[in-house]
Amino acid sequence: MIPVQDSPGVKFTIEYRISVKPPLVAVCAGEYKKERSRVPGYVTYYYVQKVPVPSYLVAFAIGNIESQKIGPRSTLYTEPILLESAAYEFGETESFLRTAEELVTPYFWGKLDILLLPPSFPFGGMENPSLVFLTPTILAGDRSLTSVIAHEIAHSWTGNGVTNATWEHFWLNEGFTVYIERKIIKKLYGVGLADLNALNGIKSLEKAIQVFGEEHNFTKLNPSLEDIDPDDAFSCIPYEKGSIFLRHLESLVGEEVFLDFLKEYFEKYKGRSIVSKDFQSFFASKFQSVEVDWKEWLQGTGMPPVIPDFDVSLLESVNSLYNKWRDPEYLPDPSDIEGWHSEQIVAFLEHVLLAPEPYFLQMGETYSFVYTHNSEIKMKWLLLVIDLQAEEYYEQIKEFLTSMGRMKYVRPLFREMFKKGLSYLANEILTMCQSFYHPTLQVLIQKEFQLTQ
């Protein structure tokens with residue numbers, strides 16, 4: 001416990017002095033100053049965060065941690081067994097950071113270190129300034145899931161620099177971050193991949209709205225959270241609906257003009273905590289002749305009122321292959337998906353999940369979905385297994401859900417198991433994971449499925 005106001009609307013500087021007994025190591029979200037023995041038999045680590053941050057960005061970790069430089073401004077910290085694989089996976093960190101600086105403004109947090117957390121970490125990442133936390137579920141072996149790094153880097157400006165004053169304005173953190181994340185992807189890998197990522201995000205948005213219901217308060221960009229735990233409202237909605245809103249605003253004024261506007265916005269509100277009205281007023285002051293239905297976008301429930309145009313070029317081969325699979329006589333071959341990015345495979349599996357057929361299960365072996373180290377693909381494959389109640393693969397469900405606790409994967413799989421009458425399997429896995437899953441995840445599962453502790 002620390003004596004601060006636990007609100008994103010309050011920011012402060014912080015110094016960390018943490019004494020640990022070797023060989024344990026302490027790392028903190030700040031600038032490293034020195035280490036020395038203050039207590040006999042212990043080493044004291046001293047870090048300073050000079051840029052004011054809200055309480056949710058106070059972060060440190062202690063453990064059996066080793067480190068390796070992965071860039072001129074970045075050091076990777078992780079358990080020894082994962083150091084080599086993680087160093088490869090995150091080897092593009094500096095490239096992501098330089099690209100973000102080109103899009104926005106110079107990075108002002110000093111270093112950008114990464115701590116790879118244990119697999120029970122419930123999120124993809126946490127944007128702690130100077131020390132980003134990441135989940136090991138993005139260790140795919142081929143850097144195909146490292147867009148999470150681009151996301152956390154984007155937070156340096158969107159969330160860490162300009163912060164939502166209350167959680168009712170969470171989209172100001174996450175919607176802006178997803179928007180900048182996809183601009184980084186576009187600049188590095190092309191518009192096709194960036195927009196396919198967005199299209200897959202829209203699919204996730206549709207599912208999240210379906211879970212809550214079209215008219216639900218939590219489907220608004222500005223939900224009312226009075227007497228509500230913000231964790232209960234957590235979903236991809238502020239991320240995806242927020243980024244679609246920004247993409248819509250971009251379409252009204254032009255991409256380059258909008259990016260220049262965002263640079264001004266980040267500079268004007270840097271270091272401050274704001275609400276949606278602040279962004280609205282600033283946009284209106286710059287684009288007085290542009291009409292925007294702010295009430296509909298911010299207070300409207302359900303899907304966004306407008307879906308902008310996206311590049312669909314990478315979906316051509318996806319749609320073609322899915323149409324072939326609709327024929328039960330089709331003879332699949334591993335070469336069908338040769339050269340595909342994982343985003344294309346995810347899009348393909350989204351098609352498959354719309355109307356699953358028992359013969360679709362053969363794609364698990366043919367396309368090596370049963371062996372994949374890509375967690376996004378694995379999750380979609382296991383949803384198909386659950387939909388078709390393919391008992392021969394139930395052990396894979398257990399292995400996956402007991403190996404990590406990332407909410408993005410755990411909650412949809414449990415949701416599908418309960419939906420398909422596999423509550424016995426879900427409860428068996430929950431029992432196995434009682435001491436493994438993060439408390440936040442356990443509470444959300446208990447609330448959603450009305451389980452008793």
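The cationic atom of R406 (NZ for Lys, CZ for Arg) does not lie both less than 6.0 Å from the six-membered ring centre of F121 and within 45° of the ring axis.
Qualifying salt bridge (charged side-chain N to carboxylate O under 4.0 Å, His left out) partners for R247, counting only residues two or more places apart in sequence or in other chains: D195, E250. Residues satisfying the salt bridge (charged side-chain N to carboxylate O under 4.0 Å, His left out) criterion with E101, sequence neighbours excluded, are R73.
Residue pairs meeting the side chain to side chain donor-acceptor pair (under 3.5 Å) criterion with at least one member in residues 226-238, sequence neighbours excluded, are D232-K447.
A salt bridge does not link E240 to K207: none of the charged side-chain nitrogens sits closer than 4.0 Å to a carboxylate oxygen. Using a cut-off of 4.0 Å between Lys/Arg side-chain N and Asp/Glu carboxylate O, E357 and R326 are scored as not salt-bridged.
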Task: Residues Y367, D336; criterion side-chain hydrogen bond (donor to acceptor under 3.5 Å, both in side chains); working and verdict - done: CA-CA 8 Å; Y367 299 150; D336 290 343; 2.5 Å; yes

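Between the side chain of T431 and the backbone N or O of N427 there is at least one donor-acceptor pair closer than 3.5 Å.
No more than 12 heavy-atom neighbours from other residues, nucleotides or ligands sit within 6.0 angstrom of CD on E338. No more than 12 heavy atoms of other residues, nucleotides or ligands lie within 6.0 Å of NZ in K419, so this atom counts as exposed by the packing criterion. The number of heavy-atom neighbours closer than 6.0 Å to NZ of K277, taken from other residues, nucleotides and ligands shown, is 12 or below. For F60, the CZ atom is loosely surrounded, since the number of other residues' heavy atoms within 6.0 Å does not exceed 12.
For the atom pair CD1 of I202 and CD1 of I307, the computed distance is 4.5 Å after rounding to the nearest 0.5 Å.
If you check the side chains of Q396 and W381, you find a donor sitting under 3.5 Å from an acceptor.
The aromatic rings of F212 and F218 sit perpendicular to each other, their planes meeting at more than 60°, with 30° as the lower class boundary.
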